[in-house]
Amino acid sequence: MPHHALEITLTQPATQAELTRAVRVMPLAANHDRTRLMAVTKAKNPDRALSRAHHRLKELLPLDVLATHYSDPDGRVLLTPAFSPTADAFIRRAAEQMGQTPRVFLQQAIHRALACHARQEAQRLDRALQFLLAHTTPDRLLAAVGRTLTHAPSGT
C-alpha cells in the first residue's frame with residue numbers, strides 16, 4: 001500500500017495538548033506556529049489518505065483544510081476543506097438543486113473561480129501593458145522586462 005504526504009491547515013494554532021493528543025493517533029510534524037502540519041499515511045489512494053486523516057483528527061484539532069502535498073499525475077492537488085455545519089448544509093442544498101454531488105458541485109465551482117481569476121489577471125496585465133506602451137516603445141518595454149526578470153529574486 002503506498003504512502004501519501006498530506007498537508008493539514010488549522011483554523012487556529014493547535015495547543016501543545018491538542019498536538020500531543022493528535023500525535024498519539026497519527027505521526028505529525030508541525031510548523032513553528034502550529035497552524036500547519038505534515039503527515040505521511042498509508043492508503044490505497046490520496047482520497048482514502050485524506051479521509052483517514054480527517055476521520056482520525058477531526059475531534060482532536062481545529063481542522064481547516066487537508067490537502068495532498070504532491071500533485072497527482074494530472075497535476076491536481078486534492079483538498080478536503082472542513083466546512084461549518086451551515087456551510088456544509090448550503091453546499092449540499094446547492095448541489096442538490098444542480099443535480100450534482102457536493103464534491104462535483106465544489107469541484108466545478110472552484111474551477112470556475114480559478115478560470116475567472118485567470119481571466120481577470122490576464123486583463124489586468126493587458127491594461128498595465130497598454131499603459132506602459134502608451135509611454136514607451138515595445139523594444140524598450142521588452143528590454144525592461146528582460147532586465148527585471150534576470151534580476152528578480154528566485155521564487156517570484
Side-chain angles (χ1 to χ4, degrees), residues 1-126 128-129 145-156:
M1 194 174 313
H3 287 83
H4 300 277
L6 306 178
E7 189 167 347
I8 302 162
T9 305
L10 304 177
T11 57
Q12 62 192 28
T15 65
Q16 191 58 51
E18 288 172 326
L19 202 52
T20 300
R21 283 192 299 273
V23 167
R24 289 183 190 136
V25 173
M26 173 181 273
L28 299 167
N31 71 336
H32 70 283
D33 64 0
R34 298 188 309 258
T35 58
R36 293 176 63 202
L37 309 171
M38 293 295 296
V40 176
T41 186
K42 282 185 176 183
K44 289 183 180 180
N45 57 52
D47 277 333
R48 286 241 174 115
L50 290 171
S51 294
R52 183 171 290 149
H54 185 265
H55 178 74
R56 289 179 180 171
L57 299 172
K58 67 183 177 183
E59 302 299 325
L60 302 172
L61 294 168
L63 300 178
D64 188 15
V65 177
L66 282 76
T68 53
H69 186 66
Y70 300 110
S71 57
D72 68 8
D74 296 324
R76 296 176 300 192
V77 173
L78 301 179
L79 299 174
T80 303
F83 295 110
S84 69
T86 304
D88 185 62
F90 175 82
I91 291 165
R92 289 182 184 283
R93 277 193 308 275
E96 187 177 316
Q97 289 173 352
M98 299 294 289
Q100 299 171 329
T101 64
R103 180 184 183 140
V104 169
F105 176 79
L106 282 175
Q107 189 175 40
Q108 290 180 354
I110 290 168
H111 282 286
R112 282 192 307 272
L114 290 172
C116 179
H117 175 74
R119 280 191 308 276
Q120 290 172 344
E121 179 70 1
Q123 290 169 350
R124 184 188 68 77
L125 290 172
D126 288 347
L129 283 173
V145 168
R147 280 191 310 274
T148 301
L149 291 176
T150 57
H151 293 95
S154 62
T156 57

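- No side-chain donor-acceptor contact under 3.5 Å links T9 to the backbone of D64.
- Rounded to the nearest 0.5 angstrom, Q108 CD and M98 CE are separated by 7.5 Å.
- Remark: of the listed residues L10, N31, L66, L10 is the sole one forming a side-chain contact (heavy atoms from CB on, under 4.5 Å) with L37.
- Of the charged side-chain nitrogens involved, at least one lies within less than 4.0 Å of a carboxylate oxygen, so that E121 and R124 count as a salt-bridged pair.
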Notebook entry, point to check: What's the verdict on side-chain contact (heavy atoms from CB on, under 4.5 Å) for L106 and L79, showing C-alpha distance, side-chain angles and the deciding distance?
Noted result: CA-CA 11 Å; L106 282 175; L79 299 174; over 6 Å; no

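- Here CD of Q100 is found 12.5 Å from CD1 of I91. Values are rounded to the nearest 0.5 Å.
- Here the OH atom belonging to Y70 is positioned 11.0 Å from the CG atom belonging to L6, to the nearest 0.5 angstrom.
- Judged purely by atom type and a 3.5 angstrom limit, R34 uses its side chain to pair as donor or acceptor with the backbone of A14.
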Check: Could you go step by step and tell me if D47 and R103 meet the side-chain contact (heavy atoms from CB on, under 4.5 Å) rule?
Finding: CA-CA 12 Å; D47 277 333; R103 180 184 183 140; 3.2 Å; yes

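- The distance from the CG atom of L61 to the CD atom of E18 is 6.0 Å, given to the nearest 0.5 Å.
- For the pair H4 (side chain) and T68 (backbone), a donor-acceptor distance under 3.5 Å is absent.
- Residues A43 and A49 share a closest heavy-atom pair of CB-N, 3.5 Å.
- Heavy atoms only, all atoms of each residue included: A39 and P27 are closest at CB-O, 3.8 Å.
- Within the 3.5 Å criterion, the main-chain N or O of R147 finds a donor-acceptor partner in the side chain of H151.
- To the nearest 0.5 Å, atom CG of residue L60 and atom OG1 of residue T20 are 11.0 Å apart.
- Taken from CG in L57 to CZ in R21, the straight-line distance is 12.0 Å, to the nearest 0.5 Å.
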